[in-house]
Amino acid sequence: MTNHEIARIFSRIADALEIKGENIFRVRAYRTAAQNIKALARQLEDVYRETPEKIGQLQGIGKDLSAKIAELIATGGLEYYEDLMKEFPEGFLSMLDLAGLGPKKLKKLHDELGIDNIAQLEKACRENKLETLEGMGPKTEIKLLEAISYYRGSEGRMLLPEAGEYAGQIVGYLLSSGLFEKVEIAGSLRRGKETVGDLDILTVAKNTEKAMDHFISYPLVGAVIARGTTKSSIKIKEGPQVDLRAVEKKAFGAALVYFTGSQQHNIRIRHLARKKGYKVNEYGVFSVGPRGRERRLKASTEEEVYKKIGMQWVPPELRESSGEIEAALDGKIPSDLVKESDIKGDLHLHTSETDGRAGLEEVMSAAEERGYKYIAITDHSQNVRIANGMDKKRLLRHLERIRKAAEKFKGLEVLAGCEVDMLENGKLDFGDEVLRELDIVIAAVHSKFNLDRKKQTDRYLRAMDNRFVNIIAHPSGRLITSRKALDLDLEKVFRKAAENRVFLEVNTHGQRIDLNDVNCRRAVELGAGVAINTDAHEPAQMDLLKYGVITARRGWVEKKDVLNTYSLSKLKKALKK
DNA sequence: GCCGTTTTCGGCCCGACTGTTTTCAGTCG
């Protein structure tokens, strides 16, 4: 049972209890627990197996919820949950995913109109049945019909790079108007989550009325969801919802904290502030005097807001309520989280020799343009036939060509390597007599994704015992929207990596982001290092590096933990082991 | 249901916008 599955069950329980009209704080407890569990760096199942009592020490998990987690892990099910679900028709709770429909209205629709599912809701809206209910009118029906159509056509959350593109375009549109003094991306995009739902943009506007009008007139707008003086929301045609908030300059810091989230992070910040006699909202930090009199304290930047509460500034990527609050209170926020400018080269690149699009020199000059000190050319090995993998003869010839082409690029060190396939039994696709000819060896799985946990893990461990292996590419094998991660004991893999000085890749290609944030964090905790690589198959993809960097930052990875921040001489030493 | 140098009981982050109201409940982030 994964953390995500446990979190989903808790959040379904929260939905169900809310509809039943249970104590809202009890509902919130389940919801908070679900969110905290999703943000954990370790799998609860692993924690439970080692030290079961640690479950109850987690933030927001007490006696009752730790017992429920134990039951889920031990039996794969939860009696309380299953009984609760029996009270609701199939598909009923998922109606809560409709925008504008919450537990209260849903309960009313069920109790008074007998609505059990989306199809019945749609029919009732079309027949104007909702208008017969108190508190609902014609607009409610229109909004719900829109929500239903959006829900059906919804592709869910975007991948991070796609969100980045949308945001870049809108920010450009806003800035070009001259109506804004400041425009800043906030929300999960600023935190660098691997998928993003809505886009959040925080602004300081010279004239909020004009600014809001400009925003809702964005050419690609499909619908205006809300239009207020400080807050408006639009839905982009075939794209995401975008929320824009305009605040005064002096409130910008507090507003940026608030609008960046995560929600759990905000709740804890405000809670801490309250204990100190302050109130924090998006307009600033206020001291609360006798008779509730409020006085604004100077806090126009994020740094000042955190300082007032008595803690260090927290980098946005860390704001997931997964230990950063405690660290910031103790002054223990990592001081040197890896930055894009720390990266001295890309160590996983393909060329047209196998399945890449560009030739050797094109790749090298792209690297030179990016100011890299070094790169590694790592085309596929023979077993990956679909990618036109090289046999021994072709590889040796390729190495020669790489070294020859590299002579033209004086300031760039080019390592001649290979992405060597990891065979089912953990042997590599080439023997040691070939591997020793390479400057760098990346081992990777491209087939047999469905081995059982023991076999898959042994496959990795054996490959990492080969003394020539430097990097494990895309270790978990997952593709965010299409392929599950391999069934793998990552704890063992990370420990072995630390022991044998094998680096684990943070691969930014396509839908990978692999390792992901929580795995990065655990790998580094266990003493392993990472390498942030693009696995680019054409030079433009080398730009995706920033998403690997942000993911590593979310995993609390510092510069010293990252192989490709090393100087050339240190890199070469590390590769020789 | 969780949590505690104000509390083991009584709190639980905080505010904007909408639609249906005539002062507010519901929803959202």
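Just the heavy atoms: all of them, side chains too, but no hydrogens, waters or symmetry mates, feed the values below. Letters go in sequence order (proteins before strands), and every chain restarts at 1.
- Distance noted for atom P between B:dT23 and B:dG29: 29 Å (whole Å).
- The CD-P distance, from A:Glu131 to B:dG19, rounds to 14 Å in whole Å.
- Applying the side-chain hydrogen bond (donor to acceptor under 3.5 Å, both in side chains) test to A:Asp487 and every residue at least two apart in sequence or in another chain returns A:Arg453.
- In this structure, A:Tyr283 has no ring-ring contact (aromatic ring centres under 6.0 Å, His included) partners at least two apart in sequence or on a different chain.
- One C1' atom belongs to B:dT8, the other to B:dG1, and the distance between them is 15 Å to the nearest Å.
- Rounded to whole angstrom, the span from the CG atom of A:Leu144 across to the P atom of B:dT18 amounts to 16 Å.
- As rounded to the nearest Å, B:dT18 and B:dC13 have P atoms that lie 26 Å from one another.
- B:dT8: no Watson-Crick or G-U partner with both key distances under 3.5 Å is found in any strand.
- Scanning for side chain to side chain contact (heavy atoms under 4.5 Å, CB included) contacts around A:Lys105 gives A:Leu101, A:Met136, A:Thr140, with sequence neighbours left out.
- Taking the salt bridge (charged side-chain N to carboxylate O under 4.0 Å, His left out) definition, one finds that A:Asp97 meets it with nothing, sequence neighbours left out.
- Residue A:Tyr283 is in sugar-phosphate contact alone, with no base atom involved, counting any heavy-atom pair closer than 4.0 Å across all strands shown.
- For the C1' atoms, the distance from B:dG26 to B:dT20 is 11 Å, rounded to whole Å.
- Judged as a salt bridge (charged side-chain N to carboxylate O under 4.0 Å, His left out), and not counting sequence neighbours, the contacts of A:Glu45 are A:Arg49.
- Atom CD of A:Gln241 is separated from atom P of B:dG29 by 6 Å (rounded to the nearest Å).
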Completion exercise
Once base and sugar-phosphate atoms are separated, protein heavy atoms under 4.0 Å mark nucleotides 2-13 of chain B, 5' to 3', with B, S and - as SS--------BB

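- If you measure from atom CD1 of A:Ile24 to atom P of B:dC14, you get 16 Å, rounded to the nearest angstrom.
- In this view, A:Arg28 satisfies the salt bridge (charged side-chain N to carboxylate O under 4.0 Å, His left out) rule with no residue, not counting sequence neighbours.
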Throw together a table of side-chain donor-acceptor distances under 3.5 angstrom for residues 323-333 of chain A, partners on residues two or more places apart or in other chains.
| from | atom 1 | to | atom 2 | distance (Å) |
| --- | --- | --- | --- | --- |
| A:Glu324 | OE1 | A:Ser321 | N | 3.1 |
| A:Glu324 | OE1 | A:Ser322 | N | 2.8 |
| A:Glu324 | OE2 | A:His265 | ND1 | 2.7 |
| A:Glu324 | OE2 | A:Glu320 | N | 3.4 |
| A:Glu324 | OE2 | A:Ser321 | N | 2.7 |
| A:Glu326 | OE2 | A:Arg268 | NH1 | 3.1 |
| A:Glu326 | OE2 | A:Arg268 | NH2 | 3.1 |

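- Spacing between B:dC2 and B:dT7 at atom C1', rounded to whole Å, works out to 14 Å.
- Of the side-chain N and O atoms in A:Thr230, one or more sit less than 4.0 angstrom from OP1 or OP2 of B:dC17.
- Taking every heavy atom of residues 82-108 of chain A and every atom of DNA chain B, pairs under 4.0 Å involve A:Leu98, A:Ala99, A:Gly100, A:Leu101, A:Gly102, A:Pro103, A:Lys104, A:Lys105, by number.
- Separation of the P atoms belonging to B:dC17 and B:dC12 is 25 Å when rounded to the nearest angstrom.
- The side-chain hydrogen bond (donor to acceptor under 3.5 Å, both in side chains) check on A:Glu22 picks up A:Arg26, with sequence neighbours excluded.
- Between the A:Arg478 side chain and the A:Ile513 main chain, a donor and an acceptor come within less than 3.5 Å of each other.
- When each of A:Met136 and A:Ser232 is assigned the nucleotide of DNA chain B with its nearest heavy atom, A:Ser232 is the one assigned upstream, toward the 5' end.
- Of the two residues near DNA chain B, A:Lys68 and A:Pro138, the one whose nearest nucleotide lies more 5' is A:Lys68.
- One interatomic measurement links the two molecules: CG of A:Leu17 to P of B:dG1, which rounds to 8 Å at whole-angstrom precision.
- When each of A:Tyr166, A:Tyr218, A:Phe215, A:Phe180 is checked for a ring pair (Phe, Tyr, Trp, His ring centres under 6.0 Å) with A:Tyr173, only A:Tyr218 meets the rule.
- At least one side-chain heavy atom of A:Leu72 sits under 4.5 Å from a side-chain heavy atom of A:Phe10.
- Within residues 199-217 of chain A, no residue has any heavy atom closer than 4.0 Å to DNA chain B.
- For B:dA16, neither phosphate oxygen OP1 nor OP2 lies less than 4.0 angstrom from any side-chain nitrogen or oxygen of A:Thr229.
- Residue contacts shown for A:Glu282 are limited to sugar-phosphate atoms, with no base heavy atom under 4.0 Å away.
- For the pair A:Glu558 (side chain) and A:Asp336 (backbone), a donor-acceptor distance under 3.5 Å is present.
- When the P atom of B:dC17 is taken as reference, atom CZ of A:Phe259 falls 11 Å away, rounded to whole Å.
- Under the rule for a side chain to side chain contact (heavy atoms under 4.5 Å, CB included), the partners of A:Lys275 that lie at least two apart in sequence or sit in another chain are A:His271, A:Leu272.
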